[in-house]
K.L.:
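The structure's right below; bear with me while I get my questions together.
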Amino acid sequence: MSAPPRPSSPRRSRKKFDRQVDAVMWASRALVGIAAASVAEVEDRVSIPQLRVLVLVGTRGPLSLAVVADELGVDPSNASRTVDKLIKAGLLDRRDAPDDRRKLALTLTSSGADLVQTLSDHRRDAIAAVLKRLTAAQRDDLAAAFDTFAVASGEPTVDDALTLLWPIHP
């Protein structure tokens, strides 16, 4: 007859938890590296704050300047300067909002949409290359674990494309 399993000691549980945290941090370094490499694909054309505006507008649709400033957590004057630079670069367009002509709506130009797509394609290709090194079962387990992790961290649903490219709030 075998003895019942012994409960783990608090110290053993803490070490296991620390190893789990370390594993997630290790994986996050890999993901940050992939994200940084994708940004490098477009950094010769836009700054990081400009890229954040493009991704936000590209994934949320036409937005007002006030919404952009609020979503990025910056002062409206900072958002305005960034938007003006993007308009001058031909990446963003400013028009009357369809529902209220007193307000302006920001949209991507075709060049702006191409830049955001370049970023997304690079990141997706790099992640796919890593996933191809795993078995189908490992990919399934990883996807389930990342889904669980994202939900636990309060991330919006997978259907929210913005979160796949850039966090909503820094």
Side-chain angles (χ1 to χ4, degrees), residues 24-25 27-134 139 142-170:
V24 173
M25 289 183 64
S28 75
R29 281 197 312 264
L31 290 169
V32 167
I34 288 170
S38 68
V39 169
E41 288 290 309
V42 298
E43 74 180 346
D44 61 326
R45 297 186 277 172
V46 293
S47 67
I48 298 294
Q50 291 169 341
L51 182 58
R52 291 178 66 206
V53 170
L54 292 174
V55 169
L56 181 63
V57 171
T59 55
R60 294 281 176 95
L63 296 176
S64 70
L65 183 60
V67 169
V68 169
D70 185 56
E71 288 295 321
L72 298 177
V74 299
D75 186 84
S77 63
N78 289 343
S80 181
R81 283 190 294 275
T82 301
V83 163
D84 287 344
K85 290 176 184 175
L86 291 167
I87 290 169
K88 287 178 185 170
L91 300 171
L92 204 58
D93 192 21
R94 182 184 348 214
R95 297 192 179 169
D96 290 338
D99 58 332
D100 185 348
R101 295 186 64 208
R102 293 172 294 171
K103 295 181 181 177
L104 295 176
L106 302 169
T107 58
L108 293 180
T109 64
S110 61
S111 294
D114 289 346
L115 190 140
V116 170
Q117 191 63 50
T118 296
L119 174 81
S120 180
D121 289 347
H122 185 277
R123 192 168 297 177
R124 187 171 199 79
D125 291 346
I127 290 170
V130 173
L131 291 179
K132 285 178 182 176
R133 297 181 195 137
L134 304 177
R139 290 192 300 269
L142 183 63
F146 276 151
D147 284 346
T148 301
F149 185 85
V151 169
S153 69
E155 281 296 308
T157 64
V158 176
D159 295 334
D160 186 352
L162 174 63
T163 62
L164 297 175
L165 295 171
W166 207 270
I168 295 170
H169 295 284

K.L.:
Between Val68, Leu65, Leu91, Leu63, which is the residue that forms a side-chain contact (heavy atoms from CB on, under 4.5 Å) with Val53?
P.N.:
Val68

K.L.:
Heavy atoms only: give me the nearest Pro76-Ala69 pair and the separation to one decimal.
P.N.:
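What the structure gives for the nearest pair is CA-CB, 3.8 Å.
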
K.L.:
How far apart are the C-alpha atoms of Asn78 and Asp75, what are their side-chain angles, what is the distance that settles it, and do they pass the side-chain contact (heavy atoms from CB on, under 4.5 Å) test?
P.N.:
CA-CA 5 Å; Asn78 289 343; Asp75 186 84; 4.0 Å; yes

K.L.:
Using the side-chain contact (heavy atoms from CB on, under 4.5 Å) rule, take Asp147 and Val151 through it: C-alpha gap first, then chi angles, then the decisive distance, then the call.
P.N.:
CA-CA 6 Å; Asp147 284 346; Val151 169; 5.6 Å; no

K.L.:
Once you round to the nearest 0.5 Å, how far does CD of Glu41 lie from CG of Leu51?
P.N.:
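It comes to 12.0 Å.
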
K.L.:
Supply the atom-to-atom distance Phe146 CZ to Leu31 CG, rounded to the nearest 0.5 angstrom.
P.N.:
5.0 Å

K.L.:
With no hydrogens and no angle check, is any side-chain donor or acceptor of Thr82 less than 3.5 Å from a backbone partner on Gln50?
P.N.:
no

K.L.:
Quick one: closest heavy-atom pair of Leu54 and Val46, and the distance?
P.N.:
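Heavy atoms of Leu54 and Val46 come nearest at CD1-CG1, 4.1 Å.
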
K.L.:
Is the shortest heavy-atom distance from the side chain of Arg29 to the side chain of Val32 under 4.5 Å?
P.N.:
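The answer is no; the side chains never approach within 4.5 Å.
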
K.L.:
Any side-chain heavy atom of Asp93 within less than 4.5 Å of one from Arg95?
P.N.:
yes

K.L.:
So that I can tick it off, tell me whether Arg123 and Asp125 are bridged by a salt bridge, with the cut-off set at under 4.0 angstrom between side-chain N and carboxylate O.
P.N.:
no

K.L.:
Going by side-chain contact (heavy atoms from CB on, under 4.5 Å), Arg94 matches just one of Val83, Thr107, Leu86. Which one?
P.N.:
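Single pass found, and it is Val83.
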
K.L.:
Could you tell me which non-hydrogen atom of Val39 sits nearest to which non-hydrogen atom of Leu119, and how far apart they are?
P.N.:
N-CD1, 3.7 Å

K.L.:
OG/Ser38 to CZ/Arg124 distance, rounded to the nearest 0.5 angstrom?
P.N.:
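With rounding to 0.5 Å, OG (Ser38) is 13.0 Å from CZ (Arg124).
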
K.L.:
Check the pair Leu108 / Asp114 against side-chain contact (heavy atoms from CB on, under 4.5 Å), numbers first and verdict last.
P.N.:
CA-CA 9 Å; Leu108 293 180; Asp114 289 346; over 6 Å; no

K.L.:
Please determine if Arg60 and Glu71 form a salt bridge, counting it only when a charged side-chain N lies under 4.0 Å from a carboxylate O.
P.N.:
yes

K.L.:
Quick check against the 3.5 Å criterion: does Ser120 have a side-chain atom that pairs as donor or acceptor with the backbone of Gln117?
P.N.:
no

K.L.:
What distance separates Ile87 CD1 from Leu106 CG, expressed to the nearest 0.5 Å?
P.N.:
6.0 Å

K.L.:
Once rounded to the nearest 0.5 Å, what's the spacing between atom OG of Ser111 and atom CG of Leu115?
P.N.:
9.0 Å

K.L.:
Looking at every heavy atom in both Gly90 and Thr109, which two are closest together, and how far apart are they?
P.N.:
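Between these two residues, the closest heavy atoms are O-OG1, 2.5 Å.
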
K.L.:
Could you please spell out the steps behind the side-chain contact (heavy atoms from CB on, under 4.5 Å) verdict for Leu142 and Arg139?
P.N.:
CA-CA 5 Å; Leu142 183 63; Arg139 290 192 300 269; 5.6 Å; no

